[in-house]
J.: 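Sharing a structure with you now.
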Amino acid sequence: MAVIAEHEIALARSADAQAIAELSREAIEYGLPWRWTPSRVLLALHDPSTNVVVSRRGDHLLAGFAIMQYGNETAHLALLAVRDAARRQGLGSALLAWLEATARVAGIQALRLEVRASNPGAMAFYGRHGFVESGVRVGYYEGVEDAIRMTKALGGQPS
Ligand SMILES: CC(C)(COP(=O)(O)OP(=O)(O)OC[C@H]1O[C@@H](n2cnc3c(N)ncnc32)[C@H](O)[C@@H]1OP(=O)(O)O)[C@@H](O)C(=O)NCCC(=O)NCCS
């Protein structure tokens, strides 16, 4: 808890785009072409149907971020990453909780995401947060790797 208290979660600013894109490249897109470049993150920041949230320390260092895209009934968690040195301290859970609460207020019925088939740690993280596997998307990552699709029904009271 003490570690979370040292961090704030807030909507990202344009100045965060570079750090977000670099963290995506190293923590999520490793071994793949870099798709979430700074310019794409900037577009997401200015897209009214997308939330980009960051977790930062008091000294403003970006510790993690998440990007969620909202449809009419479902929301897609496009990216979520926490810096290596800041993992297993609750930050990923805090970012996800922020987005999930926002989705509930927006009347979203379900969250969905894809995770690399070679990433059991992330699957365990999402499983811990109520996501269940709902399919495989063969070759989803540039034909290099399959994706495991995971979903979470919202509805009812906030968890
Ligand atoms: C997945 C990720 C976002 C989790 O962030 P985090 O801040 O470390 O997560 P939390 O500390 O909130 O973890 C909460 C719980 O999730 C589970 N969990 C998290 N990481 C896990 C791992 N690597 N292996 C198994 N379970 C894990 C645990 O139950 C953990 O509780 P515990 O630490 O008390 O055991 C982080 O590991 C990460 O950035 N990974 C690289 C990028 C990535 O895979 N993103 C997701 C796919 S886009």
Side-chain angles (χ1 to χ4, degrees), residues 1-12 16-38 40-41 43-45 47 50-71 74-104 108 110-152 158-159:
M1 291 302 285
V3 173
I4 294 179
E6 292 164 13
H7 291 75
E8 63 157 344
I9 292 185
L11 288 170
D16 296 316
Q18 184 75 30
I20 289 170
E22 287 173 5
L23 184 51
S24 175
R25 183 175 55 177
E26 72 188 50
I28 299 171
E29 302 183 85
Y30 52 86
L32 299 172
W34 192 16
R35 297 289 185 214
W36 285 90
T37 58
R40 185 172 177 194
V41 173
L43 283 177
L45 269 162
D47 175 4
T50 300
N51 270 160
V52 184
V53 288
V54 294
S55 166
R56 63 175 114 245
R57 287 195 324 216
D59 61 5
H60 305 302
L61 181 75
L62 185 103
F65 77 95
I67 299 181
M68 186 171 269
Q69 300 155 328
Y70 299 84
T74 66
H76 181 231
L77 182 59
L79 297 175
L80 167 65
V82 172
R83 231 176 252 295
D84 213 3
R87 289 181 194 163
R88 303 304 281 264
Q89 299 169 21
L91 295 185
S93 298
L95 285 161
L96 186 58
W98 195 104
L99 288 169
E100 187 175 320
T102 304
R104 285 179 189 277
I108 294 292
L111 306 181
R112 60 188 176 83
L113 59 87
E114 290 83 24
V115 60
R116 293 177 73 161
S118 62
N119 191 353
M123 284 181 249
F125 168 80
Y126 290 123
R128 167 90 182 259
H129 290 287
F131 284 79
V132 293
E133 292 187 26
S134 55
V136 177
R137 300 187 72 174
V138 176
Y140 181 79
Y141 297 104
E142 315 295 333
V144 171
E145 188 173 341
D146 298 344
I148 307 300
R149 172 165 264 196
M150 301 187 79
T151 55
K152 177 176 182 175
S159 58

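First listed ligand is number 1; within each ligand, the first listed atom is number 1.
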J.: Answer side chain, backbone, both or neither: which part of Asn119 comes under 4.0 Å from ligand 1, heavy atoms only.
T.: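 Near ligand 1, Asn119 shows its side chain, while the N, CA, C and O stay back.
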J.: Looking at atom 26 (N) of ligand 1, what's its closest protein heavy atom, distance included?
T.: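 Of every protein heavy atom, Ala124 CB, 3.5 Å lies nearest to atom 26 (N) of ligand 1.
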J.: Between Arg116 and ligand 1, find which residue part has any heavy-atom pair under 4.0 Å and reply side chain, backbone, both or neither.
T.: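 Contact part for Arg116 vs ligand 1: neither.
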J.: Starting from atom 11 (O) of ligand 1, which protein heavy atom do you reach first, and at what distance in Å?
T.: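 I find the closest protein heavy atom is Gly90 N, 2.8 Å.
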J.: Considering only the protein, which heavy-atom contact is closest to atom 42 (C) of ligand 1, and what is its distance?
T.: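 Answer for atom 42 (C) of ligand 1: Ala27 O, 3.5 Å.
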J.: If you define the side chain from C-beta out and look only at heavy atoms, does anything of Tyr70 sit under 4.5 Å from Asp47?
T.: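 Of all side-chain heavy-atom pairs linking Asp47 with Tyr70, none is under 4.5 Å.
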J.: Honestly, is Arg149 close enough over Tyr140, meaning NZ or CZ under 6.0 Å from the six-membered ring centre and within 45° of the axis?
T.: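 Relative to the ring axis of Tyr140, which defines the angle, Arg149 lies outside at least one limit.
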J.: Of the protein's non-hydrogen atoms, which lies at the shortest distance from atom 40 (N) of ligand 1, and what is that distance?
T.: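 The closest one turns out to be Arg87 CZ, 3.6 Å.
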J.: Would you say atom 30 (C) of ligand 1 makes contact with the protein, given that contact here means a non-hydrogen protein atom less than 4.0 Å away?
T.: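 Under the 4.0 Å cut-off, atom 30 (C) of ligand 1 does have protein heavy-atom neighbours.
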J.: Tell me which part of Arg128 gets within contact of ligand 1: side chain, backbone, both or neither, using heavy atoms under 4.0 Å.
T.: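 Side chain only; the backbone of Arg128 stays clear of ligand 1.
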J.: Return the residue, atom name and 0.1 Å-rounded distance of the protein heavy atom closest to atom 45 (N) of ligand 1.
T.: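 Sorting protein heavy atoms by distance from atom 45 (N) of ligand 1 puts Leu80 O, 2.7 Å first.
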J.: N/O to N/O below 3.5 Å, does that happen between Tyr126 and ligand 1?
T.: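 Between Tyr126 and ligand 1, no N or O pair is found under 3.5 Å apart.
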J.: Identify the closest protein heavy atom to atom 4 (C) of ligand 1: which residue and atom is it, and at what distance?
T.: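 Closest protein heavy atom to atom 4 (C) of ligand 1: Phe125 CD1, 3.7 Å.
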J.: Does an N or O anywhere in Gly92 fall below 3.5 Å from an N or O of ligand 1?
T.: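 Among all N and O atoms of Gly92, at least one is under 3.5 Å from an N or O of ligand 1.
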J.: Considering only non-hydrogen protein atoms, determine which one is nearest to atom 35 (O) of ligand 1 and report residue, atom name and distance to 0.1 Å.
T.: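 Protein heavy atom at minimum distance: Arg88 NH2, 2.9 Å.
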J.: Report the nearest protein non-hydrogen atom to atom 39 (O) of ligand 1: residue, atom name, distance rounded to 0.1 Å.
T.: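 The protein heavy atom lying closest is Val82 N, 2.7 Å.
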